[in-house]
A.B. asks: 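The structure's right below; bear with me while I get my questions together.
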Amino acid sequence: MATKLLLVDDEPLVTEELQEALEFEGYDVETAQSVAEALEYCANAPVDLVVTDLKMPQATGLDLIRALGGQTAPPHIIVLSGHGAESNRAEAMALGAVECFAKPVDPDDLVKKIQEVLPFQ
């Protein structure tokens with residue numbers, strides 16, 4: 001079974017570009033454009049890793065990390081940030097994110113980190 005990834009970003013161009021790159025690498029990739037949509041998806045299907053934007057309308061990537069952290073087997077989380085708020089990045093890491101990349105992220109760097117986090121999948 002392919003590794004299941006969920007990309008969460010309110011900018012469709014970001015999720016489309018990353019989805020294409022990650023599917024090329026053999027990952028099973030779904031997308032969500034809001035925290036609410038991501039939580040709904042995760043409630044209905046297991047996800048190995050979530051890549052989320054930090055700043056989104058209504059709820060943030062930090063809200064998503066907190067919500068997913070309450071699950072029995074939470075997915076790994078990688079954060080993308082187009083904003084230079086170092087305190088938010090530090091908070092994301094403190095909440096359990098495995099990495100925080102500045103946007104725009106190089107898809108090759110993202111793939112390398114995913115391979116580090118999920119080496120046997």
A.B. asks: Is the closest side-chain heavy-atom distance between Val50 and Val47 below 4.5 Å?
C.D. replies: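 Val50 reaches Val47 side chain to side chain.
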A.B. asks: Scan the side chains in residues 57-65 for donor-acceptor partners under 3.5 Å anywhere in the protein, sequence neighbours excluded, and list what turns up.
C.D. replies:
| unit_1 | atom_1 | unit_2 | atom_2 | d |
| --- | --- | --- | --- | --- |
| Thr60 | OG1 | Leu62 | N | 3.2 |
| Thr60 | OG1 | Asp63 | N | 3.2 |
| Thr60 | OG1 | Asp63 | OD2 | 3.3 |
| Asp63 | OD1 | Arg66 | NH1 | 3.3 |
| Asp63 | OD2 | Thr60 | N | 2.8 |

A.B. asks: Verify side-chain contact (heavy atoms from CB on, under 4.5 Å) between Arg89 and Val79, making sure each step is shown before the conclusion.
C.D. replies: CA-CA 8 Å; Arg89 289 181 182 175; Val79 173; 6.0 Å; no
A.B. asks: Who passes side-chain contact (heavy atoms from CB on, under 4.5 Å) against Glu16, sequence neighbours left out?
C.D. replies: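 Pro12, Leu13.
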A.B. asks: With sequence neighbours left out, write down each residue that passes side-chain contact (heavy atoms from CB on, under 4.5 Å) with Pro107, or none if nothing qualifies.
C.D. replies: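 Pro107 satisfies side-chain contact (heavy atoms from CB on, under 4.5 Å) with Glu17, Leu18, Ala21 once adjacent residues are dropped.
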A.B. asks: List the atom of Gln19, the atom of Val29, and the distance in Å for their closest heavy-atom pair.
C.D. replies: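 Here Gln19 and Val29 meet closest at NE2-O, 3.2 Å.
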A.B. asks: Should Val98 and Ile77 count as side-chain neighbours, where that means a heavy-atom distance under 4.5 Å?
C.D. replies: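 No. Closest side-chain heavy atoms not under 4.5 Å.
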A.B. asks: Could you check if a side-chain atom of Thr15 sits within less than 4.5 angstrom of a side-chain atom of Asp10, using non-hydrogen atoms only?
C.D. replies: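 No - every pair of side-chain heavy atoms lies 4.5 Å or more apart.
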A.B. asks: Tell me which pairs pass side chain to side chain donor-acceptor pair (under 3.5 Å) where either residue lies in residues 98-111, with sequence neighbours left out.
C.D. replies: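 Sorted pair list: Asp9-Lys103, Glu11-Lys103, Asp53-Lys103.
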A.B. asks: Applying side-chain contact (heavy atoms from CB on, under 4.5 Å), can you list everything that pairs with Ala32, at least two apart in sequence or on another chain?
C.D. replies: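 side-chain contact (heavy atoms from CB on, under 4.5 Å) check on Ala32 returns Leu6, Val8, Glu37, Ala38.
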A.B. asks: Quick check for you: to the nearest 0.5 Å, what is the distance between Leu118 atom CG and Tyr27 atom OH?
C.D. replies: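 Rounded to the nearest 0.5 Å, the CG-OH separation comes to 6.5 Å.
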A.B. asks: Is the count of non-hydrogen atoms from other residues, nucleotides or ligands lying under 6.0 Å from Glu23 atom CD greater than 12?
C.D. replies: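 Counting other residues, nucleotides and ligands, CD of Glu23 exceeds 12 neighbours.
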A.B. asks: Taking only residues two or more places apart in sequence or in another chain, which ones pass side-chain hydrogen bond (donor to acceptor under 3.5 Å, both in side chains) with Thr31?
C.D. replies: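 Thr31 satisfies side-chain hydrogen bond (donor to acceptor under 3.5 Å, both in side chains) with no other residue.
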A.B. asks: Quick check: is Met93 connected to Phe101 through a chain of hydrophobic side chains (ILVMFWY, heavy atoms under 4.5 Å apart)?
C.D. replies: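 Shared cluster, no.
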A.B. asks: Given Asp48 and His76, is the side-chain contact (heavy atoms from CB on, under 4.5 Å) satisfied, shown in steps?
C.D. replies: CA-CA 6 Å; Asp48 298 301; His76 297 282; 5.9 Å; no
A.B. asks: With sequence neighbours left out, what residues match Glu20 under side-chain hydrogen bond (donor to acceptor under 3.5 Å, both in side chains)?
C.D. replies: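 Counting only residues at least two positions away or on another chain, Glu20 forms no side-chain hydrogen bond (donor to acceptor under 3.5 Å, both in side chains).
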A.B. asks: Among Thr52, Ile78, Leu80, Val51, which one satisfies side chain to side chain contact (heavy atoms under 4.5 Å, CB included) with Leu7?
C.D. replies: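 For Leu7, the side chain to side chain contact (heavy atoms under 4.5 Å, CB included) check succeeds only for Val51.
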A.B. asks: Which salt bridge (Lys or Arg N to Asp or Glu O under 4.0 Å) pairs, counting each pair once, include a residue from residues 27-36, with sequence neighbours left out?
C.D. replies: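 Applying salt bridge (Lys or Arg N to Asp or Glu O under 4.0 Å) to every pair that reaches into residues 27-36, excluding sequence neighbours, yields Lys4-Asp28, Lys4-Glu30.
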A.B. asks: Please list, chain by chain and in numerical order, all residues satisfying side-chain hydrogen bond (donor to acceptor under 3.5 Å, both in side chains) with Glu116, sequence neighbours excluded.
C.D. replies: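 Applying side-chain hydrogen bond (donor to acceptor under 3.5 Å, both in side chains) to Glu116 gives Lys113.
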